[in-house]
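Quick notes on the structure that follows.
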Number of protein chains: 2
Amino acid sequence: MYGEIIAIGDELVSGRVLNTTSGFAARRLFEAGYEISRMTVIGDDPTLIKECLVSALGRSKFVLITGGLGPTTDDITNEVVARTLGKRLVKNEIVMSQIKKWEKGSKSAHANSMRERMAMLPEGAEVLNPTGCAAGYLLMHRGVALFFLPGVPEQLREHVIERVLPKLRDLVRLGFEVRQKTFKVFGLSEVEINLLFENIESRHNNLKIGYYPNFPEVHVTVTVRGTDKESVDKQCRSACETVERLLGNHIVAIDPENIESVVGRLLIENQGILVVAESCTGGLLGKRITGVPGSSKWFDRGFITYSNRSKEELLGVSARTLEQYGAVSAETAIEMAQGARSVAGVDYSLSITGIAGPTGGTPDKPVGTVFIGLSTPDRTVSERFHFPGDRRRIRALAAETALDWLRRYLRYGSYVPGYRPS
Amino acid sequence: MYGEIIAIGDELVSGRVLNTTSGFAARRLFEAGYEISRMTVIGDDPTLIKECLVSALGRSKFVLITGGLGPTTDDITNEVVARTLGKRLVKNEIVMSQIKKWEKGSKSAHANSMRERMAMLPEGAEVLNPTGCAAGYLLMHRGVALFFLPGVPEQLREHVIERVLPKLRDLVRLGFEVRQKTFKVFGLSEVEINLLFENIESRHNNLKIGYYPNFPEVHVTVTVRGTDKESVDKQCRSACETVERLLGNHIVAIDPENIESVVGRLLIENQGILVVAESCTGGLLGKRITGVPGSSKWFDRGFITYSNRSKEELLGVSARTLEQYGAVSAETAIEMAQGARSVAGVDYSLSITGIAGPTGGTPDKPVGTVFIGLSTPDRTVSERFHFPGDRRRIRALAAETALDWLRRYLRYGSYVPGYRPS
């Protein structure tokens, strides 16, 4: 059941913006049983858009066309499509009413007339998101399903998951069942995970295990296909059990949960409150934690102690420790974690202090050296890590390792971190 | 001077691996003056590879074909190319000698015979990297330059920069110059920006202005081409002046700077130190600030005061204010900013308190209501905003608005924020 994806945008062919949306759509479609045979990227060029559309109509059962639906003058998809397929452009009342709502806030009549262009859709267009503003639509043409979708990544993602896949299921009968489960893994490399699973796929015909690096995690997706609903369910359950056994405590969350929400759930179960003290991550850990809706139930506060003085004043790290061992040391990590927990009067704390680079490294403590502290009602411990990569990756690994460490403590009562200490 | 890129690999069309290499190559080529009209991704399928190659030969001056050159059975590019172009496969001695060196380390005869397949190149192939192992090569065919390149991102990057670009300069005379500049804009929508520039492009032949939403910013790229170096320089300067004049203080940074690094630069010029107090952004503002290497020179600390108690204890927000006006109020934002600045004993502070949702909204203060405070040696002010979107977008808009507000104060001495208050 082959389809294709056409992404339109000068910013894509000039390489100014990386096309992440086609790959995302391809993956979600593939996982649901629809294969993409070809992905094309072209600029905002009427001739090329027409040519690609005509070619696609001749060979594919469905086509996703992304980009060029916006209000600006270089957004020409609707016009080109109408001309190519010999359809009129008609003002779509659903889209128009959405734009009207939007207009209230806008003063410029001209801006509004530009936005009205977005409501001019080819005749027969079925709007996919009647309550949203970015008008994705479906157009059936000679038995081929043409999905026109916004190119903005978040909007595209939402459209693919919530509208394109359900529509495709109605339009294009697959004749088989698909079950899927995604495990979020931290502390094992893609190769290590691949080796664990080497022989599993070959033993099961309908089973596919996919590995998707999603830094700093690797996501492992188990997909089972088959004609019989019950046997697909059974096979999926059994495959997932095997995967859970092999990956063990390296599974930090099962989709749709993430590691932050798992930590939150475990804290609620333990009736514990968390605080954090961050130096080199500078707020990243707090940002991730507070990204979880309702995290105020289990997160009280965070200290971004970037300067030495702030470590002393806010957390009570002793001047002697800072002088003798340095701000990046096991001793400082311990005192940061203890200080944060006692200042806030809560049960759990995490601390991070390290050298994220690109400068600041020494032979003893090169860039990537990070100490993480974990303080619980029973004990305060710290570990030294050496994280590879640039500033962004080092910070991401540090925050993930800290979260995972607390997760492991809350889940297994273990003080052993998931990422290998250096 | 148009070219195209064809990426080959089942892992790409299934979405298992994101195709980052085509975009990278397109950008480097574009910057050097070569435009890519189309990028195609297909699986390891001989029929499709042949079809794409034949089409490309008919319309492009040069083609980059990536992937499918490795030692495994699904690496079929060389065979398909030879068959399609009517050329024999010949053992390439340069590649062979490299493989020989490699073989010494390998014990498996089978692995080695597999690697020898990599040395079988279409007749006339010119190996691009005589000392490396991944055999990229150039094949001229009816005046079209075909570059066959490894699909592994790092190898592809090295090939593009060190081999493809120099070769192209010899083969394909450009005859024109390209200049490009990107402005990062906040506080204006894509439509509003587009309106400002409506008539500029049409007045200048060689000028192209692109709009790329990069939430919460819009990036505006000015590209000028022409045959004469001096006049291209002059035209680019003049276009950029116009753009700067029209966008004015909505330009938060010019690439490669970002708003955080601009704020840092201005703080250093003002010999000022910054601290932040965050509630609903929970560390995002601190994370963005400390993402700038060397930010310790101008950033001292941050307070993530998620609970009311932490606002009182760490920042001295009064219990009465919290009770009377609530944690999400102008009064609390003011006291947070004042408290942060005075506790740390520094010159500048930013505070953020709001309702990021999805729950917690009231008729008076719906989800998206955020108060931001700015404290300077002269004054402490706060503004109320209403940011649209989900939790992630509300938080991103709040952090960006806060950074932009400080930037405007430092740059223009203005206490008026860039985002329109509600």
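Reminder, nothing fancy here: chain letters follow the sequence lines and each chain counts from 1.
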Item to complete: In sequence, state the C-alpha distance, the side-chain angles, and the governing distance for A/Ile289 and B/Tyr306, and then conclude on side-chain contact (heavy atoms from CB on, under 4.5 Å).
Response: CA-CA 11 Å; A/Ile289 287 167; B/Tyr306 219 52; over 6 Å; no
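With chain A as the partner, the residue from B/Ser189, B/Ser310, B/Cys52, B/Ser296 showing the most heavy-atom pairs under 4.5 Å is B/Ser310. The choice from B/Asn308, B/Thr221, B/Thr359, B/Thr281 that makes the most heavy-atom pairs within less than 4.5 Å of chain A is B/Thr221. The choice from B/Thr20, B/Asn19, B/Ile5, B/Val275 that makes the most heavy-atom pairs within less than 4.5 Å of chain A is B/Thr20. In terms of non-hydrogen atom pairs under 4.5 Å with chain B, the most contact-rich of A/Gly286, A/Gly23, A/Pro293, A/Ala344 is A/Pro293. Chain A forms more heavy-atom pairs under 4.5 Å with one residue of B/Gly294, B/Gly283, B/Cys280, B/Ser37 than with any other, namely B/Gly283. Annotation: maximal heavy-atom pairing with chain B below 4.5 Å, among A/Val343, A/Val17, A/Leu314, A/Asp45, occurs at A/Leu314. When each of B/Pro358, B/Gly43, B/Ser14 is checked for heavy-atom pairs under 4.5 Å with chain A, B/Ser14 comes out on top. Ranking A/Ala356, A/Ser295, A/Ala25, A/Gly357 against chain B, the residue ahead of the rest is A/Ser295, based on heavy-atom pairs under 4.5 Å. Contact tally against chain B (heavy-atom pairs below 4.5 Å) for A/Glu51, A/Glu31, A/Glu4: the top residue is A/Glu51.
Proximity to chain B (any heavy atom under 4.5 Å) is restricted, for A/Phe30, to the side chain, taken from C-beta onward. With a 4.5 Å cut-off on non-hydrogen atoms, A/Arg117 does not touch chain B at all. Both the backbone and the side chain of A/Leu284 come within less than 4.5 Å of a heavy atom of chain B. Proximity to chain A (any heavy atom under 4.5 Å) is shown, for B/Lys311, by neither the backbone nor the side chain. For chain B, the nearby part of A/Glu313 is the side chain; its heavy atoms alone come within less than 4.5 Å. With a 4.5 Å cut-off on non-hydrogen atoms, B/Thr182 touches chain A through its side chain but not through its backbone.
The minimum heavy-atom distance between B/Ser307 and A/Asp300, with the atom names listed, is OG-OD1, 2.7 Å. The shortest non-hydrogen separation linking B/Val13 to A/Ala26 is O-CB, 3.4 Å. Here the closest heavy-atom approach between residue A/Gly291 and residue B/Arg391 is recorded as O-NE, 3.2 Å. When all heavy atoms of B/Met39 and A/Leu12 are compared, the closest pair comes out as CE-O, 3.2 Å.
Here CG of A/Asp75 is found 6.5 Å from CD of B/Glu190. Values are rounded to the nearest 0.5 Å. Taking OG1 of B/Thr223 as the reference point, atom CZ of A/Arg16 lies at 8.5 Å (rounded to 0.5 Å).
With a 4.5 Å cut-off on side-chain heavy atoms, B/Arg392 and A/Glu154 count as touching. Taking 4.5 Å as the limit, every side-chain heavy atom of B/Phe215 sits out of range of all side-chain heavy atoms of A/Val152. B/Glu278 places none of its side-chain heavy atoms less than 4.5 Å from the side chain of A/Thr290. Proximity of B/Arg38 to A/Thr40: side-chain heavy atoms (C-beta onward) are separated by under 4.5 Å at one or more points. Between B/Arg301 and A/Thr305 there is no side-chain heavy-atom pair separated by less than 4.5 Å. You'll find the side chain of B/Arg288 stays beyond 4.5 Å of the side chain of A/Lys287, heavy atoms only. The shortest side-chain heavy-atom distance between A/Leu18 and B/Leu18 falls under the 4.5 Å cut-off. Side chains of A/Ser22 and B/Val41 form no contact here, defined as non-hydrogen atoms less than 4.5 Å apart.
Between the side chain of B/Arg28 and the backbone N or O of A/Gly15 there is no donor-acceptor pair closer than 3.5 Å.
When the shell of 6.0 Å around CZ of A/Arg393 is examined, it contains 12 or fewer heavy atoms from other residues, nucleotides or ligands.
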